[in-house]
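Not measured: the values here are computed from a predicted model. Every chain is numbered from 1, with letters handed out A, B, ... down the list of sequences.
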Amino acid sequence: MDNQTITPRQFMFLVILFTVGSSILIVPGPLAAQAKQDAWLSIILSILIGLLLILFYDHMTKLMEGKTFVQATIMVFGNWFGRFLLFFYLSFLFILAALVLRNIGDFMTTEIIPETPLQFTHILFLIVVIWGAYLGLEVMGRSAEIFMPWVFLLLIFFTITLVPQIKIENLQPFLGEGVMPVLSTSTLALGTPLLEMVVFLMILPYVKDAQPKRKAWVLGVLIGGFILTVITLLCLLVLGSDLAALNTFPSYRLAQKINIAGFLEGLEVVIGIIWMLTIFFKMVVLYYCVTVGIAQFLTMDDHRPLLLPLGMGIIVLSIIAYPDVAYFETFVATTWFPYALTHGFLLPALVWIGLLIKKKRSG
Amino acid sequence: MWSMLAILIIAAVIFFMEFPLLKKKKKKKDLWFFSILLVFFTAVSVLEASEFPLPNPLDYIQGFYQFFSGS
């Protein structure tokens, strides 16, 4: 909004944190339920498909010529039809932000602070997010740089301490159910972190240097996807696919299994810092893009006045979104992928065609 | 009751935090959009606090995609 820029490296860190955030909590469980011991294969598959998607988004940013997705859509389709399309895009981001907030809220209330009402967890978390979005993109990029080593160190610690408990038998039989469950569940991982990447079309114009942008994005997705694959593999190897499918947050159950030489236990809250940090960054990216998008949609000069009113809306939506856990599970398993596909691929594809036609006509 | 009052107080605080800034910069349009959104979301929050059954947008989304998948 106000000519803040981030470096490609900071952008890469934001992409990694965005890929890992909240998917790390919600992806392994349903994947293990459907693809059993081959769940890790479907994550790898979806990351590979996701890379094609990233190349498409990258090509699109080149055509947008330094405009954000909102500005480019209005430029291509005009004031009315462009805004009609953007209404759906922005509502997708808004709903996504509310659902991510609900993920961390559910996680905190079921595992760490069960006595605190859900609303207050959400309000406390959102205040920090609003503060981050208020300070702007530069601050977000720099804090991603500061927190990245923490996330990496904790992840390495997490992996190393679990290695003694690995049982290779849990992965057998390899492809025992055939290829079909792997293919059908890869939509789940595709829908949860990868199609949501469409949000970066709002940030990419503010990244410095045209050339290494694509490299930063692809590398970010690869590293984030690698982390997700490792976590899912560990869930399968340590817990086994049945136990991983039974838990709401299998990766947290995994952290409770850490036991160093029989005397150091209960480290799950320290490991939980990974969840909180990554979800915080996912939330702050989404929230920043929603408010900047709405401000550009309404042709306002500054997005900051919108932060607090929208926060009230997000808290209400995050509370009414899922009446119960069963609703959440069916929504994630059946509706989320087509919903994310429509807004993360079809809608940008439409704008992309418009941009191509416009480019051809003018040049 | 208390929660509704708290929401109204928070909304008033938000309004008086942003109002002088926007007024000083003479941004009439921004002020209008900000006020409309604030009033709308305050109303939604108060309704939620009074346990009014608000429509869940996810229900509509789910209905829409179920219509296409034909189930």
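- Of the listed residues B:Ile14, B:Leu54, B:Leu22, the one with more heavy-atom pairs under 4.5 angstrom with chain A than any other is B:Ile14.
- Listed here is the closest heavy atom pair of B:Asp30 and A:Asp302: OD2-N, 3.9 Å.
- With a 4.5 angstrom heavy-atom cutoff, A:Phe328 does not touch chain B via any of its atoms.
- Remark: A:Phe331 CZ is packed, more than 12 non-hydrogen atoms of other residues, nucleotides or ligands lying under 6.0 Å away.
- Using a 4.5 Å cut-off between heavy atoms, B:Glu18 touches chain A through its side chain atoms alone.
- With hydrogens and angles left out, the side-chain atoms of B:Tyr65 and A:Thr334 include no donor and acceptor closer than 3.5 Å.
- Once rounded to the nearest 0.5 Å, the distance linking CZ of A:Arg304 with CG of B:Leu21 reads 11.0 Å.
- Note that CG of A:Leu308 is 7.5 Å distant from CZ of B:Phe34, once rounded to the nearest 0.5 Å.
- When heavy atoms are compared at a cutoff of 4.5 Å, B:Pro55 approaches chain A solely by way of its backbone atoms N, CA, C and O.
- Residue A:Leu317 touches chain B through its side chain alone, counting heavy-atom pairs closer than 4.5 Å.
- Residue-environment remark: CZ (A:Phe56) exceeds the threshold of 12 foreign heavy atoms within 6.0 Å.
- Looking only at distances, no side-chain donor or acceptor of B:Lys29 sits under 3.5 Å from a matching main-chain atom of A:Asp301.
- Counting heavy atoms from C-beta on, the side chains of B:Asn56 and A:Tyr327 come closer than 4.5 Å.
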Take A:Tyr339 and B:Gln62 through the test side-chain contact (heavy atoms from CB on, under 4.5 Å) and record every step on the way to the result.
-> CA-CA 9 Å; A:Tyr339 184 52; B:Gln62 221 163 10; over 6 Å; no

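- For A:Leu298, the parts lying near chain B are the backbone and the side chain together; criterion is any non-hydrogen pair under 4.5 Å.
- One distance of note links CD of A:Gln119 with CD of B:Glu48; it measures 7.5 Å at 0.5 Å rounding.
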